[in-house]
Amino acid sequence: MSPYSGLRNIILIGSLFGFHGLLNRSLLIDGVEEIFIVTSRITIVTLILFIYCFKEFKAQINLTYLIKGSWTGFLAIFIPGWTFIYALKNISSGLQSIFISTIPMFTVFWVYFFYKEEKITKLKVSSVVIGLLGLVVLFFSGVTGLSDGGSLIAGGLLALLGVQGLAISNITNKKDSQLIPAKTYLLTQWLAATFISLVIFNLLDGKIVYLSQIQTFKLIGLIFIDIFNYSLFFYTIKRLSATFTTLVDYVVPIVGIMVGYIFLDEVISNIFFFTLTMIFISLYLAVKDEINTSGQTK
């Protein structure tokens, strides 16, 4: 794959992630309960993947794969799925996309504690500090991106909790995907997330909702983005460097803020640009360090 084709894929992936938050918040505005949105989305994606992956899954699954895949599914699918949808009750989809762009920064943070095989340099530590400074300023501002209230503390903390799940799952994915067959690993993750979601849905007396035609199209859009983005991202990262694919984290907040402003009349605050600048500097330093480290090991 040429770098130009890879860049095209990255822009497409980042743009669709930006629309993912938009569709979720749009369904919330329509009055659809968050518990139904997240449970139905995860369950339907799993059913589709079950059809595609079951043959390999049945032949390859064992207890070790089940445990590792379930843990990553809890981190990468269940935690962000549930925390992000509730975060959107309190912050705009554009602001949530800013939090999502901090995933590489927090991945560095968790690597320091859990993935001792990877060296954390002073430059990477500096990148984390700069990104955290941007988040601190954002929280002090209290800006939610909504024109009618919300809570940055509640929404922001929920979004950051989801980000931690994705950041830690980056580490488990990196370690386990080298050992577990791809389709088996993928389906195990989604099955685990679906099982936990259905349990919580029933414990909280969740109700099945009959959606209007436009709401159904929005839910289908979320499901399409989940499946398409996951497939395209792994197709791209197998053919290009992981460093190159981090460019997606520059695209997500730009698209997320823009589409939220256009389609949902979300508020764009000047503080967003300061925080984004700090996060982008953090990303740049982390990528630069990765390139330098890779060059030294060759």
Side-chain angles (χ1 to χ4, degrees), residues 7 10-22 25 80 84 87-88 90-112 120-147 150-153 155-164 166-167 170 241-293:
L7 183 60
I10 291 301
I11 292 174
L12 181 57
I13 293 167
S15 299
L16 288 175
F17 269 129
F19 276 95
H20 198 275
L22 173 80
R25 174 141 181 84
F84 285 169
L88 286 170
N90 293 283
I91 59 175
S92 68
S93 60
L95 180 53
Q96 181 173 269
S97 69
I98 294 177
F99 284 110
I100 291 174
S101 69
T102 65
I103 292 171
M105 179 183 80
F106 282 106
T107 300
V108 172
F109 177 82
W110 290 111
V111 161
Y112 177 78
I120 302 297
T121 64
K122 291 182 179 179
L123 189 57
K124 280 188 176 178
V125 173
S126 298
S127 74
V128 172
V129 171
I130 291 171
L132 287 175
L133 177 60
L135 288 178
V136 168
V137 173
L138 174 62
F139 271 101
F140 271 111
S141 74
V143 175
T144 64
L146 303 177
S147 57
S151 169
L152 180 57
I153 297 299
L157 290 179
L158 281 169
L160 283 178
L161 178 58
V163 164
Q164 305 318 306
L166 288 167
N170 283 343
S241 69
T243 301
F244 185 89
T245 55
T246 59
L247 291 173
V248 72
D249 296 297
Y250 292 91
V251 180
V252 174
I254 295 173
V255 174
I257 291 172
M258 181 178 65
V259 297
Y261 174 76
I262 294 172
F263 294 105
L264 298 180
D265 294 323
E266 294 180 348
V267 178
I268 299 179
S269 171
N270 290 333
I271 197 66
F272 289 2
F273 299 108
F274 173 80
T275 301
L276 269 180
T277 299
M278 300 298 283
I279 292 172
F280 285 174
I281 292 173
S282 172
L283 286 170
Y284 170 76
L285 292 176
V287 170
K288 180 180 179 181
D289 181 79
E290 189 73 25
I291 293 173
N292 292 341
T293 303

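Side-chain atoms of Leu138 and Phe274, non-hydrogen and from C-beta on, never get closer than 4.5 Å to each other. Proximity of Thr275 to Phe272: side-chain heavy atoms (C-beta onward) are nowhere separated by under 4.5 Å. Residues His20 and Ile100 fail the side-chain proximity criterion, which asks for heavy atoms closer than 4.5 Å. Using a 4.5 Å heavy-atom threshold, the side chains of Tyr250 and Ile279 count as separate. Leu276 places a side-chain heavy atom less than 4.5 Å from the side chain of Ile98. Considering only heavy atoms from C-beta on, Ser97 comes within 4.5 Å of Val252 through its side chain. Between Val143 and Asn270, the closest side-chain pair of non-hydrogen atoms is not below 4.5 Å. Between Phe17 and Val255 there is no side-chain heavy-atom pair separated by less than 4.5 Å.
Rounding to the nearest 0.5 Å places CG of Leu264 at 4.5 Å from CG of Leu22. Rounded to the nearest 0.5 Å, atoms CG (Asp265) and CD1 (Ile268) are 10.5 Å apart. With rounding to the nearest 0.5 angstrom, the OG1 atom of Thr144 is 11.5 Å from the CD1 atom of Ile153. Ile257 contributes atom CD1, which lies 6.5 Å from atom CZ of Phe273 (distance to the nearest 0.5 angstrom). Once rounded to the nearest 0.5 Å, the distance linking CZ of Arg25 with CZ of Phe84 reads 15.5 Å. The CZ atom of Phe106 sits 9.0 Å away from the CH2 atom of Trp110 when rounded to the nearest 0.5 Å.
Of the possible polar contacts, none joining the Thr102 side chain to the Met105 backbone as a donor-acceptor pair under 3.5 Å is found. Between the side chain of Ser282 and the backbone N or O of Met278 there is no donor-acceptor pair closer than 3.5 Å. At distances below 3.5 Å, not a single donor-acceptor pair connects side-chain atoms of Ser92 with backbone N or O atoms of Leu146. Checking side-chain atoms of Glu266 against main-chain N and O of Gly94 turns up a donor-acceptor pair under 3.5 Å.
Minimum interatomic distance between Ile91 and Ala159 (heavy atoms only, all atoms of both residues): CD1-CB, 4.3 Å. Nearest heavy atoms, Phe139 versus Leu157: CZ-N, 4.2 Å. The heavy-atom pair separating Ser127 from Leu285 by the smallest distance is CB-CB, 3.8 Å. Across Gly155 and Ala87, no two heavy atoms sit closer than the pair O-CB, 3.4 Å.
Within a 6.0 Å radius of OH in Tyr261, no more than 12 heavy atoms belonging to other residues, nucleotides or ligands are found.
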